[in-house]
Colleague: 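If you scroll down you'll find the structure; I have some questions about it.
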Amino acid sequence: MKVKEKFNTPYNSKEVEEKIYQLWEKSGFFDPDKLPVSKNYKLKAKSYCIVIPPPNVTGSLHMGHALNAVIQDILIRQKRMQGYKTLWLPGTDHAGIATQNVVEKELKKQGLTRHDLGREKFIEKVWEWKEKYGNIILEQLKKLGSSCDWSRTRFTMDKDYAKAVETAFLYYYKKGWIYQGDRVVNWCKRCQTSLSDLELEYEDEKGKLWYIRYPIKTKNFPPKAGQPFTEKLKTKNYITVATTRPETILGDSAVAVNPKDKRYKNLVGKTVVLPIMNREIPVVSDSAVEIEFGTGAVKITPAHDILDFEISERHKLSIYKVINQFGKMSKEAGKDYEGLSTKDARVKVVEELEKENLIEKIEDYDHRISKCYRCNSIIEPQISKQWFLKMSELAKIAKQAVKKGDVKFHPKRWEKIYFDWLDNIRDWCISRQIWWGHQLPVYFCQNKQEAISNSQFLISKQIQNSKLKIKNSSDSHFIITTESPKHCPFCKQCHMKQAEDVLDTWFSSALWPFATLGWPDSAKATAGKLNKDDLKEFYPTQVLSTARDIINLWVTRMIFSSAELLGKKPFNDVIIHPTILTKDGKRMSKSLGTGIDPMVLIEKYGADATRFGLIYQMMGGQDIHFNEDGIMAGKKFANKIWNASRFVLLQIGNTKLQIQSPKSKTSADKKIISQLIKIKKSVDKDLGNYQFGQALHEIYDFFWHQFCDVYLEKSKEELNAEILIYVLSESLKLLHPFMPFITEEIYQHLAIKNKKMLIVEKW
RNA sequence: GGGCGCAUAGCUCAGUGGUAGAGCGUUUCGUUGACAUCGAAGAGGUCGGAGGUUCGAUCCCUCCUGCGCCCACCA
């Protein structure tokens, strides 16, 4: 009768889940240092650790986060039950530009910009945001049932974490791999910062290709003032270039052709007169120029195109910065153009050229433009002074780690993405001109800083006019240190000023798996908790589970950072989980209204059902066309488990049974036991291969169709209480990693000798 | 321009070198005590197209088509 009171039907997930989570937290079993040691549960000498991919504190969790959390929780719970000293370390990421942008959007609603507040006040606001949303995220992870050790929660801007970031920066600098340089970078004119190549998104654009004639300088050309170009052009004395951006003509400093291009052989070394600007610029030869494309001659705008910049370096060309950081034409573009948008400037330039009969033809041309991955503004390549991390050595190290098999991708095919990127890598631009992030540990002398006021947009006249670019700021006076300097070593009197730039958020994320475990001072207290030596105990970690879109942005960088800074791999296995799309295969997006909030599903169906639905659909494809029916099936399954358990308990009453080695009597007993053994093996194998969906399908079929439909029905005729409760309890164990709440709740009610909580029951 | 993934029942997806499977949906039947969020039975597919290997192909190979994704300094 007691049983009946506690076991109402149908199953009520809401009540149970809240209660059970509290029970777990109270038990302390999420903390590897507090795991119980007993006869049945012996801790293995080996540890098992997953460090969570830290969600950005920009908002709340989406379906992808939910799926990933469940994947990790399944592994963690299985390993914990297997007796490993198991740690799942949680945390969040400050997510530089992304978070700064959402806070700026909030301010905009009040008609404010970050500049109205000033850096310090603005940062305060972002911290407020972080407190709010960081905590929401952690609460949502709990709702899903995540068995993280919350006492070890980390944030990428914790004090100790900052120490790790500075240490890494200093290390690379000492090695000569970090340098400052004036180079063309991807510039977002809305975010007002540089971006790395990986922080771009691309969009096809229907554009035009303008073929423009550049007159060649001769004895009689250019003509004296007042005489139009056209007179002389009849002699075919020009070279035609093709461009998609005529407005950048104003910043041209050369025309380049391929050295193998016979058509232009005689022109190399000659001088042409740049239309509109009337600037005399050279014709150079460079193998980067494609013979086949356009006319085979390309105009070179070093300040606003990455390839052009590289060519200009090889030929020591002048640099004219004609577009400013806001995407408007600069002073350098000339009086007629200064202040115009690039779009207006383009119209004007084309008009001018047409007037002079310098446009040969205009073709339709589809190409792709880059956009900021955070705000979707069009990228304006710009020359600017930035900090770079040299990649050649690090790329080699990263390739080694995967080639040797130290780190394995699942599925393996994603290794190709990894290698392809590393094979074509450029140096990493690690400085950002935003406010939210780790400021560079670079301190400048205040008295000798004219050349380095701050690292953005320092193109002095000196650079434009000279044929050399400044290398590595040899004229600036700064030091790099992990401690704030007390005295200036240069002038001995100033208070040194820290660089205003912050680091690319991925520079700090790259340190995540080891910085969270205490690196560089691993034995010291971290984040308010005194850990014995987590780095020694838990590093390298076992698994990293993440989405495919950040393989290079994040995974690769963790691998080389760890290899270089610690001489170890960060994890053994990388699980690239499927991307969750809508049922129709569309991207889930809040703004399109196609997103599904996992918290709503939990509210509606329960966390176990939500977990079930996600994993049940994870069958190895690279996408999941998410179908709510799967969650529905999960809810029904939970109810089935509930009722089957109710039945078992009604059959056997409250006598505590010993279930170590139950004796089979009938053939049905034998059959169910052998099926159970088979399923256990199979689930172990699947989970070992990270085949989560397959494992769940098998348990589902076993429990429902073999245990319930057949064995339970048989036991109505002939009861073997020991077998009955044995198979049930073993099933609950197998199910627990997938559906932890309901299994733990039922387990509480089982009359079994020497019973503990299911979370630490022997797998 | 290069690469990757996918194409099986109305929908979402498993699967195997030898007459095709699940869940949901659908049809019929079954309501006395674990569960109608259930049980039993059934209908439903020339496994995208064309070649090839094979005694035999949904599965292996080639090509094609369609959908999705990623990468690239042809301006």
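These values consider heavy atoms only, across backbone and side chains, with no hydrogens, waters or symmetry-generated copies.
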Colleague: For residues 300-311 of chain A, which residue pairs qualify under side-chain hydrogen bond (donor to acceptor under 3.5 Å, both in side chains), counting only residues two or more places apart or in two chains?
Modeller: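 Sorted pair list: A:Asp252-A:Thr301, A:Lys299-A:Thr301, A:Glu310-A:Arg426.
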Colleague: Against A:Phe612, only a single residue in A:Phe637, A:Tyr605, A:Phe738 fulfils side chain to side chain contact (heavy atoms under 4.5 Å, CB included); can you say which?
Modeller: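 Per the side chain to side chain contact (heavy atoms under 4.5 Å, CB included) rule, the option paired with A:Phe612 is A:Phe637, out of A:Phe637, A:Tyr605, A:Phe738.
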Colleague: Salt bridge check: are A:Glu628 and A:Lys604 linked by an N-O gap of less than 4.0 Å?
Modeller: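 A salt bridge links A:Glu628 with A:Lys604.
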Colleague: Take atom CG of A:Leu307 and atom P of B:C74, then tell me their distance rounded to the nearest Å.
Modeller: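 About 8 Å, once rounded to whole Å.
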Colleague: Could you measure between the two P atoms, the one in B:G68 and the one in B:G21, and give it in whole Å?
Modeller: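 Comparing P positions in B:G68 and B:G21 gives a spacing of 33 Å.
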Colleague: If pairing requires Watson-Crick or G-U wobble contacts with both distances under 3.5 Å, which nucleotide is the partner of B:G1?
Modeller: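 B:C71 - that is the nucleotide pairing with B:G1, both distances being under 3.5 Å.
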Colleague: Would you indicate, yes or no, if B:G23 has its OP1 or OP2 atom less than 4.0 angstrom from a side-chain nitrogen or oxygen of A:His697?
Modeller: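 Checking B:G23 against A:His697, no side-chain N or O comes under 4.0 Å of OP1 or OP2.
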Colleague: Nearest-Å distance, CG (A:Asp549) to C1' (B:G5)?
Modeller: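 After rounding, the reported distance stands at 15 Å.
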Colleague: Would you mind telling me which of B:C35, B:A40, B:C73 lies closest to the side-chain atoms of A:Asp709?
Modeller: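 That would be B:A40.
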Colleague: Please give the distance between the P atoms of B:U54 and B:U46 as a whole number of Å.
Modeller: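 Pairwise P distance, B:U54 against B:U46, rounds to 29 Å.
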Colleague: Classify the nucleic acid contact of A:Leu712 as base, sugar-phosphate or nothing, counting any heavy atom under 4.0 Å across all strands shown.
Modeller: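 Contact class for A:Leu712: base.
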Colleague: Answer yes when A:Asp204 and A:Arg368 have at least one side-chain N-carboxylate O distance shorter than 4.0 Å, and no when they do not.
Modeller: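 Answer for the salt bridge query: no.
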Colleague: Please work out if A:Gln622 contacts a base, only the sugar-phosphate, or nothing of the nucleic acid, heavy-atom cut-off 4.0 Å.
Modeller: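 The residue A:Gln622 makes base contact.
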Colleague: Please determine, for the side chain of A:Glu290, which listed nucleotide (B:U12, B:C73, B:A75) has the closest atom?
Modeller: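 Between B:U12, B:C73, B:A75, the one nearest the side chain of A:Glu290 would be B:A75.
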Colleague: Counting side-chain heavy atoms from C-beta on, which of B:C13, B:G23, B:A72 comes nearest to A:Tyr700?
Modeller: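 In terms of side-chain proximity for A:Tyr700, the closest of B:C13, B:G23, B:A72 is B:G23.
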Colleague: If the cut-off is 4.0 Å, is A:Arg426 near the phosphate of B:C73, judged by side-chain N/O to OP1 or OP2?
Modeller: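 For B:C73, OP1/OP2 do have a side-chain N/O of A:Arg426 under 4.0 Å.
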Colleague: Within this structure, what is the CG-to-P distance between A:Asp686 and B:A14, rounded to whole angstrom?
Modeller: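 That distance rounds to 14 Å.
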Colleague: Run A:Tyr700 and A:Trp704 through ring pair (Phe, Tyr, Trp, His ring centres under 6.0 Å) and show every step you take.
Modeller: CA-CA 6 Å; A:Tyr700 175 89; A:Trp704 199 308; 5.6 Å; yes
Colleague: When you get a sec, tell me which of B:G15, B:C69, B:A75 is the closest nucleotide to the side chain of A:Tyr365?
Modeller: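 Among B:G15, B:C69, B:A75, the one nearest the side chain of A:Tyr365 is B:A75.
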Colleague: Roughly how far apart are A:Ile746 CD1 and A:Glu744 CD, rounded to 0.5 Å?
Modeller: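 Going from CD1 on A:Ile746 over to CD on A:Glu744, the span is 10.5 Å.
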Colleague: For B:C60, which nucleotide in any strand shown is its Watson-Crick or wobble partner with both distances under 3.5 Å?
Modeller: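 With both distances under 3.5 Å, B:C60 matches B:G52.
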Colleague: Among B:G23, B:A34, B:C13, which nucleotide has an atom closest to any side-chain atom of A:Cys708?
Modeller: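 For the A:Cys708 side chain, the nearest candidate turns out to be B:A34.
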Colleague: Given atom CD1 of A:Ile624 and atom C1' of B:G68, what is their separation to the nearest angstrom?
Modeller: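 From A:Ile624 CD1 to B:G68 C1': 15 Å.
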Colleague: For nucleotides B:C69 and B:C29, find the distance between their P atoms and express it as a whole number of Å.
Modeller: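 One P to the other, the span is 47 Å.
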Colleague: For A:Glu415 and B:C4, give me the distance from atom CD to atom P, rounded to whole Å.
Modeller: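 Spelled out: CD on A:Glu415 to P on B:C4 is 14 Å.
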Colleague: Does A:Ala288 have any side-chain contact (heavy atoms from CB on, under 4.5 Å) partners at least two apart in sequence or in another chain, and if so, which?
Modeller: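 For A:Ala288 the side-chain contact (heavy atoms from CB on, under 4.5 Å) partners, ignoring immediate neighbours, are A:Asp286, A:Leu307, A:Ile311, A:Arg314.
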Colleague: Quick check on side chain to side chain contact (heavy atoms under 4.5 Å, CB included): which of A:Val283, A:Leu358, A:Val241, A:Thr240 does A:Tyr214 satisfy it with?
Modeller: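 By the side chain to side chain contact (heavy atoms under 4.5 Å, CB included) criterion, A:Tyr214 pairs with just one of A:Val283, A:Leu358, A:Val241, A:Thr240: A:Val241.
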Colleague: In whole Å, measure the gap between the C1' atoms of B:G56 and B:U19 for me.
Modeller: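 B:G56 and B:U19 have their C1' atoms separated by 12 Å.
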Colleague: Suppose you measure atom C1' in B:C55 against the same atom in B:G1; what distance do you get, rounded to whole Å?
Modeller: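 To the nearest whole Å, 44 Å.
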Colleague: For A:Lys416, answer base if it contacts any base atom (sugar-phosphate contacts may also be present), sugar-phosphate if it contacts only those atoms, and nothing otherwise; contact means non-hydrogen atoms under 4.0 Å.
Modeller: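 Contact class for A:Lys416: sugar-phosphate only.
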Colleague: I want to verify a distance call: between B:C73, B:C4, B:U12, whose nearest atom is closest to the A:Asn627 side chain?
Modeller: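 When the side chain of A:Asn627 is considered, B:U12 is the closest of B:C73, B:C4, B:U12.
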Colleague: By nearest nucleotide on RNA chain B, pick out whichever of A:Phe637 and A:Gly294 is the more 5' one.
Modeller: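 Looking at the nearest nucleotide for each, A:Phe637 comes out on the 5' side.
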Colleague: Of the options B:C24, B:A34, B:A72, whose atoms approach the side-chain atoms of A:Arg646 most closely?
Modeller: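 Among the listed nucleotides, the one closest to the side chain of A:Arg646 is B:A34.
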Colleague: Give the rounded distance in Å between these two atoms: CZ of A:Arg413 and P of B:C69.
Modeller: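 Distance check: A:Arg413 CZ to B:C69 P gives 15 Å.
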Colleague: Expressed as a whole number of Å, how far does the C1' atom of B:G5 sit from that of B:G10?
Modeller: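 Here B:G5 and B:G10 have their C1' atoms 25 Å from each other.
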Colleague: Which residue lies toward the 5' end of RNA chain B, A:Val648 or A:Leu209, if each is placed at its nearest nucleotide?
Modeller: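 Its nucleotide being nearer the 5' end, the pick is A:Val648.
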Colleague: How far, in whole Å, is B:C6 from B:U58 if one measures between their C1' atoms?
Modeller: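 B:U58 and B:C6 have their C1' atoms separated by 15 Å.
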Colleague: In the structure shown, which nucleotide is the Watson-Crick or G-U wobble counterpart of B:A22, with both distances under 3.5 Å?
Modeller: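 B:A22 is paired with B:U12.
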Colleague: Using a 4.0 Å heavy-atom cut-off across all strands, classify A:Val241 as base, sugar-phosphate, or nothing.
Modeller: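 Nothing, no heavy atom under 4.0 Å.
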Colleague: Measure centre to centre between the rings of A:Phe293 and A:Tyr365, then say whether the value is under 6.0 Å.
Modeller: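 A:Phe293 vs A:Tyr365: aromatic centres under 6.0 Å.
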Colleague: Counting only side-chain N and O atoms of A:Trp704, is one of them less than 4.0 Å from OP1 or OP2 of B:A22?
Modeller: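 For B:A22, neither OP1 nor OP2 has a side-chain N or O of A:Trp704 closer than 4.0 Å.
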Colleague: Which word best sums up how the rings of A:Trp428 and A:Phe560 line up, parallel for under 30°, tilted for 30 to 60°, or perpendicular for over 60°?
Modeller: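 Because their plane-to-plane angle is over 60°, the rings of A:Trp428 and A:Phe560 count as perpendicular.
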Colleague: Hey, does A:Gln651 reach any base, or is it just sugar-phosphate, or nothing, if we go heavy atoms under 4.0 Å?
Modeller: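 Since no nucleic acid heavy atom lies under 4.0 Å of A:Gln651, the category is nothing.
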Colleague: Could you tell me whether A:Glu360 and A:Arg213 have a side-chain N and a carboxylate O separated by less than 4.0 Å?
Modeller: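 Counted as a salt bridge, because a side-chain N and a carboxylate O are separated by less than 4.0 Å.
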Colleague: For atom C1', what is the distance between B:G2 and B:C73, given to the nearest Å?
Modeller: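 The answer is 15 Å between these two C1' atoms.
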Colleague: Summarise protein proximity over nucleotides 25-33 of chain B in one line of letters, 5' to 3': B for base, S for sugar-phosphate only, - for none, counting protein heavy atoms closer than 4.0 Å.
Modeller: ---------
Colleague: Regarding B:A14, can its base be found pairing with the side chain of A:Gln691 as donor and acceptor, where the two atoms are less than 3.5 Å apart?
Modeller: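 Absent.
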Colleague: Return the value, rounded to whole Å, for the distance between atom CG of A:Asp623 and atom P of B:A14.
Modeller: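 So the two atoms are 11 Å apart, to the nearest Å.
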Colleague: Any base atoms under 4.0 Å from A:Asp305, or only sugar-phosphate, or nothing? Heavy atoms, all strands.
Modeller: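 A:Asp305: no heavy atom of the nucleic acid under 4.0 Å.
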Colleague: Base, sugar-phosphate, or nothing: which does A:Asp420 touch, judged by heavy atoms less than 4.0 Å apart?
Modeller: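 A:Asp420: no heavy atom of the nucleic acid under 4.0 Å.
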Colleague: For A:Gln617 and B:C11, give me the distance from atom CD to atom P, rounded to whole Å.
Modeller: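 So the two atoms are 16 Å apart, to the nearest Å.
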Colleague: A:Glu713 has a side chain; which of B:C13, B:A34, B:G5 sits nearest to it?
Modeller: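 That would be B:A34.
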Colleague: State whether the distance check finds a donor on one side and an acceptor on the other, under 3.5 Å, for side chain A:Lys640 versus base B:C35.
Modeller: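 When only heavy-atom distances are counted, A:Lys640 does reach the base of B:C35 through a donor-acceptor pair under 3.5 Å.
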Colleague: So what's B:G33 paired with, Watson-Crick or G-U wobble, going by both distances under 3.5 Å?
Modeller: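 Looking at the geometry, B:G33 pairs with no nucleotide.
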